[in-house]
Amino acid sequence: MPKPNQPQRISLKARPIKVTLLILLVMLGITSMPSLLNVVLPEIPYSIYLPLHTILEVIAVVLAGMTFAVIREQALVKMTLRSAVVACAFFAIFWLDLAHLLSYKGMPPYFNENTAEKAINFWLVARLLGATTLCFVVLPLADKRTGLKQYYAMLTAAITLVLACHYWFILHPEAIPRTYIEGMGLTQFKIVTEYSVIFISAVTIYLIILYRHFQRAFHAPALLAAVVTTILSELCFTLYNQLSDIYNIIGHLLKLVSYLFLYRALVYETLAAPYLQLVRSKAELAATLSATPDILLDVDQNGVLHRVHSRPDSNMSIASTHFIGSNTKDVLPQNIAETMLKAMNQAAQRKGCSDAYQCALNDANAAAPIWFQIIAAIKPNTASLQRFILSVRDITAQKNLHASEQLNALAFHTREAIMITDAEQRIIRVNPAFTDITGYSEAEIVGQNPSRLSSGLHDKLFYQRLWGALKEYDVWSGEIYNRRKNGEVFPEHVIINALKDNEGQVTHYIASFNDISKAKADQQRIHRLAFYDPLTHLPNRRLLLDKIVDTQSESQRNGQFAALFFIDLDHFKRLNDSLGHSFGDELLRQLADRLQLTIRTTDILARPGGDEFILLAKLQTTDQTAAALDAQILGNKVLEQIRQPYMLKNHQYNITASIGIALFNDSSNGVDELMSSADLAMYHSKESGRNQLFFFEPQMQQKLKQRQKMEQGLKQALANEQFHVYYQPKVNTLGHVVGYEALIRWQHPEFGLISPDSFIPLAESTGLIIDIGSWVLEQACEQIAKFSAQGESLSIAVNVSQRQLTRTDFAELVSTIVVNSGIDPSLLELEITESMLNDDLENTRQKLTALSQLGITFSLDDFGTGYSSLYYLQKLPMNVLKIDQSFVREFLTQETDYAIVKTIVAMAKALSLKVVAEGVEEQEQYEALVALECDFFQGYLFGKPSPLS
Ligand SMILES: Nc1nc2c(ncn2[C@@H]2O[C@@H]3COP(=O)(O)O[C@H]4[C@@H](O)[C@H](n5cnc6c(=O)[nH]c(N)nc65)O[C@@H]4COP(=O)(O)O[C@H]3[C@H]2O)c(=O)[nH]1
């Protein structure tokens, strides 16, 4: 059965038609045989011929009429050019054949006397029209749609043709060329006309074959048979001589057969095809329904079930058939019935089909809800109650799949890059994060091997271990350096999982990774900050201590010596004070670079802070003397390098350093002890005139131990009341005591009386100076109060350390003590050394100003040993300048010292400051200083520092 939508090719498979064509060919052979053999066939008596002709023609006329009627009906439903032309042509053919039948010789007169030519004329026009129509019918053009107007125009033309034929053939036959002459037979005109019909039919056959691939609304094999039969029929009409000739009868018979074929081709097809289509559609529908997993319900607008279709194997089929006649509201769960109603309402509104509604059935026995999809469609041509076809589909699996797909998709779109490969390690999928991190789009990387990302930084062994772990444990995680599309190498933390099937065969590998460049950079930054000095990028104290411990254990193992060099720059502070901190920093940077180039790569140069550097050098010898020699050579090299001039922003600067060296070849001494040893040696080097190196020697050890003991004792000294304040008098030009300087002493139980020079730096470095300083201040204030109580207005000068001064609450601390003591603040003088004043001068100024507003006075101690900056004198609320005793000591013999003392006095006068000369030990010094207009004097000449009894 040809499919309705496929072109109907010419195929003579249709059996009856094949047989008919065969019979026709045989008939052609038989009928043409007498002509070919020149045998004269016997004539049929006209009395028999006429009724026979009449019967055949009546059948033909009826067929033509039926063709018109059926095609016309069809044309009114679906008007194409073909149906319109065939209907109108067969309307004309019906009338022309009828006229031919009625005007046949021997029939009652048809309007006037019948003649053979009159019947032939109607016949010829009908045949020509029939052949031309068939020729048109096969053209693809005939499939075009047309309208009623065109149809009626064609019908009018057909009627006009019929009327014109009647007019000419009945009233004016003489105007028509002769077709038959009694006794002579057919004229040339008649034969040519018949051949014309044959020619047109031959063209039709050609066209049928030409357009055989077109889909056409007729049965092509039957039409082909009709056209072939027409040709045979026409051939017969060219052969007869007498009207009652046997060819004439055969011709009429063939014409009838041709009409039957035509009817089959055009009419039967148009009637049968839709019916067959309907049958086919029904069968297809039945097949579709049996294949559909959906349950189909026929429900009316009230919700009453009329029909149910479900597959026999559906688990709802039995139950559903029981529901017929029931209302969905009564037999279905409420939410399902409501959803159905919603779908039906929407379908009714749309006059068609609803959306797909979803609802869940929460079955108590089921682990999860069962999901349904419901679609309603209006059932056409239903009576008063609107009916709907509802399709109910179980979409639970689909829903679950969708949910799991969504989950998968969600999991796939993480910030973590995901790469999936097949078992052959071909990448089959990557996620957007992969593209973000690597720069490769999915299209670029799919199909490639992951080695495309390789950085080349890992060796074969690395990958062997990776694949080994994957094989054994199905998982590997670690850090890999890979390469981005732009060539940049980046670290990633990756987890690779091997996925296996039921047989244990690897099907996929899934790698998920994070770009840890930033984390690594942060880690490095934190490491740098924690272990390196930000200025010089050298290891800091913490890292150095670790390295010392490592080196100590290494030395312990191999007995080789190592040396710790304490390198302290000489008078580095001067650089900061004169040129500023940025110059100081620059020098430290340059120095670090230089020393880095001087030392071996195995040596470690560190900067624990300030102007201090520590060098840890492995000496690679087990002999102490050789080690000391090596260390000395290295130390001198370092000193030499440090001594080289520095270019600091166009300023040439020279500096020296003092180095202390401690050797070790075991870990018997702790790191702290080792550091203290080197430190001590460095101090020794400083004490010995700087710019040199000293080894830590055993006798230094004694000092070191002493220092450690002092440090421990210092912590308890205040509580144990071991401190005492000594007072040294200050006299005026008349030699009268005008005040005292408070100088602390420490009465150590083991070491006896210790001078402040020995423990103040220790107190400074440990921070104990804060409490000690406050204690001295309290003592001094108490003493002033005592003087005042005795009626003596004597001032006391108290030394202030840098650590005290830098405290933010310094001013409050001092003022509280002063206020609590109830003394006249102007009797308290705070001594500040110039070297304390470089850091944050403004802050210091504010504190001193606050205290000076209280009445407290200030003196600048050790003036002349530092930069003797006028700037400080100008900025700070100073009252007194103290000339350092180093100038006083030899000023009478040393001209420069004399000049300095003289200048300082003159400068102080100019700035309205009082001058105190320190360390006056001789009468001559005193007199000379008086002559130089010094205001006050301190020294052993007037009294050593001692307790006031
Ligand atoms: N050769 C010689 N020396 C003389 C003469 N007259 C005084 N001296 C000594 O010179 C030092 C003067 O004190 P300084 O310059 O403030 O130097 C002080 C001061 O900077 C510091 N100091 C003393 N007591 C305190 C204190 O309570 N707090 C703080 N922060 N530092 C203190 O310790 C330093 C040393 O103090 P001292 O050992 O008491 O030493 C005192 C004093 O004994 C003399 O004619 N010849």
Side-chain angles (χ1 to χ4, degrees), residues 710 714 717-718 722-731 735 737 739-748 751-784 795-807 810 813-814 817 828-837 858-866 880-892 897 901 904 915-926 928-929 934 936-948:
M710 266 175 56
L714 200 61
L718 205 57
Q722 291 168 353
F723 290 122
H724 304 281
V725 180
Y726 280 30
Y727 293 92
Q728 185 177 36
K730 183 167 71 176
V731 301
V737 175
Y740 294 88
E741 179 178 0
L743 294 159
I744 193 167
R745 297 290 181 269
W746 179 15
Q747 186 64 49
H748 194 277
F751 307 126
L753 200 65
I754 305 176
S755 104
D757 278 336
S758 308
F759 69 86
I760 290 287
L762 203 63
E764 284 251 14
S765 64
T766 51
L768 291 165
I769 192 69
I770 305 293
D771 291 340
I772 296 170
S774 296
W775 179 81
V776 174
L777 201 61
E778 279 165 9
Q779 296 298 311
C781 288
E782 243 173 63
Q783 189 55 53
I784 295 170
S795 69
I796 294 183
V798 177
N799 286 282
V800 173
S801 85
Q802 177 153 25
R803 205 72 190 255
Q804 282 174 283
L805 191 63
T806 46
R807 271 183 74 116
F810 174 71
L813 216 81
V814 174
I817 292 171
L828 179 67
E829 184 182 304
L830 297 181
E831 286 194 9
I832 288 157
T833 45
E834 211 187 357
S835 57
M836 288 158 52
L837 297 175
F858 292 95
S859 57
L860 198 58
D861 204 2
D862 302 343
F863 195 77
T865 55
V880 179
L881 275 189
K882 290 187 89 174
I883 303 171
D884 192 69
Q885 52 181 287
S886 60
F887 300 114
V888 175
R889 199 175 296 137
E890 291 171 9
F891 91 107
L892 288 178
D897 287 354
V901 172
I904 292 173
V915 183
V916 178
E918 278 189 314
V920 183
E921 293 184 355
E922 294 159 12
Q923 185 62 30
E924 292 80 28
Q925 288 172 334
Y926 173 51
L929 287 164
C934 252
F936 304 107
F937 311 89
Q938 240 181 281
Y940 293 167
L941 181 67
F942 313 105
K944 286 192 173 181
S946 58
L948 281 177

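Every number for a ligand or one of its atoms is a count from 1 in the order of the listing. Excluded from the calculations below are hydrogen atoms, water molecules and symmetry mates; all remaining heavy atoms, backbone and side chain alike, are included.
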Contact with ligand 1 for E741, non-hydrogen, under 4.0 angstrom: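 Under 4.0 Å: yes for E741.
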
Any heavy atom of G773 sitting closer than 4.0 Å to ligand 1?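 The answer is no, since G773 has no heavy atom less than 4.0 Å from ligand 1.
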
[atom] [closest protein heavy-atom partner, distance rounded to 0.1 Å]:
| atom | result |
| --- | --- |
| atom 37 (P) of ligand 1 | P756 CG, 3.6 Å |
| atom 25 (C) of ligand 1 | I744 CG2, 3.7 Å |
| atom 5 (C) of ligand 1 | Y940 CE2, 3.3 Å |
| atom 35 (C) of ligand 1 | D757 OD1, 3.5 Å |

Can you give the donor-acceptor pairs under 3.5 Å from side chains of residues 739-747 to other protein atoms, not counting sequence neighbours?
unit_1: E741; atom_1: OE1; unit_2: K882; atom_2: NZ; d: 3.0
unit_1: E741; atom_1: OE1; unit_2: Q938; atom_2: NE2; d: 2.7
unit_1: E741; atom_1: OE2; unit_2: N799; atom_2: ND2; d: 2.9
unit_1: W746; atom_1: NE1; unit_2: Q722; atom_2: OE1; d: 2.9

Using distance alone, decide if ligand 1 has a nitrogen or oxygen within less than 3.5 Å of any nitrogen or oxygen in Q804.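 There is no such contact.
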
Is there any N or O on Q938 that sits under 3.5 Å from an N or O of ligand 1?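 Among all N and O atoms of Q938, none is under 3.5 Å from an N or O of ligand 1.
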
Yes or no, since that's all I need: does a protein heavy atom fall within a distance strictly under 4.0 Å of atom 46 (N) of ligand 1?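 Given the 4.0 Å limit, the answer for atom 46 (N) of ligand 1 is yes, a protein heavy atom qualifies.
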
Should K730 and E829 count as side-chain neighbours, where that means a heavy-atom distance under 4.5 Å?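 Yes, close enough: below the 4.5 Å cut-off.
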
Could you check whether any side-chain heavy atom of I832 comes within less than 4.5 Å of a side-chain heavy atom of F858, counting everything from C-beta outward?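 With C-beta onward as the side chain, the pair touches.
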
Is the ring pair Y926/F942 parallel, tilted or perpendicular, if the boundaries are 30 and 60 degrees?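 Perpendicular: the ring planes of Y926 and F942 meet at over 60°.
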
[atom]: which of [options] has the nearest heavy atom?
| atom | options | answer |
| --- | --- | --- |
| atom 30 (N) of ligand 1 | N799, V888, L805 | N799 |
| atom 18 (C) of ligand 1 | V800, L941, L743 | L743 |
| atom 2 (C) of ligand 1 | Q885, R745, E831, K882 | Q885 |

Which donor-acceptor pairs under 3.5 Å do the side chains of residues 757-772 make with protein atoms, sequence neighbours left out?
unit_1: S765; atom_1: OG; unit_2: P761; atom_2: O; d: 3.4
unit_1: S765; atom_1: OG; unit_2: L762; atom_2: O; d: 3.0
unit_1: T766; atom_1: OG1; unit_2: L762; atom_2: O; d: 2.7
unit_1: T766; atom_1: OG1; unit_2: A763; atom_2: O; d: 3.3

